[in-house]
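Shown next, in structure tokens, is the structure this report addresses.
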2 protein chains.
Amino acid sequence: MAEKIKEECNKLLLPVSDALDILSGKWKLPIIFALFLGNHRFRELQREVKGISGKMLSKELKDLEINQLVKRTVFDTSPVTVEYSLTEYGRTLEKLITELHNWGQQHRNIIFR
Amino acid sequence: MAEKIKEECNKLLLPVSDALDILSGKWKLPIIFALFLGNHRFRELQREVKGISGKMLSKELKDLEINQLVKRTVFDTSPVTVEYSLTEYGRTLEKLITELHNWGQQHRNIIFR
DNA sequence: CCGGATCCTCGCAGATACTG
DNA sequence: CAGTATCTGCGAGGATCCGG
């Protein structure tokens with residue numbers, strides 16, 4: 001039955017990891033913040049998220065799109081224009097990020113005296 | 001003043017990253033869960049957290065100790081015994097993890113229909 | 001038993017050049 | 001402008017050995 005409990009915990013682990021994977025990494029947060037701030041075009045985002053390569057930005061946005069957090073819209077101009085924006089669902093991250101912020105803030109106070 | 005807002009956001013970013021760094025990575029969560037479950041000895045932890053190398057376990061535990069989330073106690077037996085346990089402060093992670101779990105759980109429902 | 005030191009590899013991400 | 005393709009390095013992390 002100790003086994004039982006372990007299994008339960010492993011099942012708890014997966015959703016937590018999912019949430020974490022979406023937010024962790026070098027670029028996810030900065031990109032999400034940039035989108036919150038209203039940067040929408042690919043170039044704009046690349047300028048806003050300092051240091052990111054086109055390849056990375058492209059990959060990360062694709063990730064976010066797969067997770068339905070970001071919507072990608074192509075305009076048939078010439079040359080093409082592409083806009084990214086947070087979905088309604090994507091905005092539900094705000095609450096979670098706030099929680100992380102709260103804990104992180106008090107952690108700083110503890111660690112850096 | 002758009003500049004002002006950006007700066008504000010960058011300051012918001014840091015504590016969030018701090019919180020994230022503590023929880024993200026391949027091993028942090030499994031180790032913390034194992035500690036919650038009451039595994040305390042180094043060997044026990046290594047058995048419980050499947051696949052982790054000694055080097056990694058050692059490094060991760062040191063990390064957690066530096067962040068005051070884990071307490072390390074050496075018993076002067078022969079050979080020496082070492083026990084790790086979550087500090088009171090470490091247990092405050094539980095609430096945060098629960099939040100991540102909630103979001104991650106509903107995310108799974110959305111993504112996997 | 002605990003965990004540091006050393007060596008080695010494998011994959012991620014940066015730089016650059018290219019296409020529609 | 002918005003991305004893709006290729007090439008390359010570099011460093012996280014695994015395996016193993018050793019010492020306290």
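Here is how names work: the chains are called A, B, and so on, in the same order as the sequence lines, proteins then strands, and each is numbered from 1. Remember, it's a predicted structure, so these values are computed and weren't measured experimentally. All values below come from the heavy atoms of this structure, side chains included, with hydrogens, waters and symmetry mates left out.
Rounded to an integer number of Å, the gap from B:I31 CD1 to C:dG3 P is 12 Å. For the pair A:M56 CE and C:dG14 P, the computed distance is 6 Å after rounding to whole Å. Distance, A:D63 CG to C:dA13 P: 10 Å, rounded to whole Å. Rounding to whole angstrom units, CZ of residue B:R43 and C1' of C:dG3 are separated by 10 Å. Following rounding to the nearest Å, B:E83 (CD) and C:dC2 (P) show an atom-to-atom distance of 10 Å. Nucleotide C:dC12 holds its C1' atom 17 Å from the CG atom of A:L57, rounded to whole Å. Atoms CG (B:L45) and C1' (C:dC2) sit 12 Å apart, rounded to a whole Å. Following rounding to the nearest Å, B:Y84 (OH) and C:dC2 (P) show an atom-to-atom distance of 8 Å.
For the pair A:I22 and A:K28, the minimum side-chain heavy-atom distance is 4.5 Å or more.
Remark: B:R72 CZ to B:S85 OG distance equals 12.0 Å, nearest 0.5 Å.
In this structure a side-chain-to-backbone donor-acceptor pair under 3.5 Å is present from A:T87 to A:Q68. Side chain of A:D18 to main chain of B:G104: no donor-acceptor pair is present (N/O by atom type, distance under 3.5 Å, no hydrogens or angles). Checking side-chain atoms of A:E48 against main-chain N and O of A:E44 turns up no donor-acceptor pair under 3.5 Å. Remark: side-chain polar atoms of B:S58 are not paired, donor with acceptor, to backbone N or O of B:G54 under 3.5 angstrom. Remark: side-chain polar atoms of A:S24 are paired, donor with acceptor, to backbone N or O of A:L20 under 3.5 angstrom.
Using a 4.0 Å heavy-atom criterion, one finds that A:F75 contacts no nucleic acid atom at all.
For DNA chain D, the outermost nucleotides in 5' to 3' order that have an atom under 4.0 Å from a heavy atom of chain A are D:dC1 to D:dT6.
Residue order along DNA chain C, read from the 5' end via each residue's closest nucleotide, puts A:S53 first among A:S53 and A:V80.
Contact annotation: B:K55 does not reach the phosphate of C:dC8 (side-chain N/O to OP1 or OP2, under 4.0 Å).
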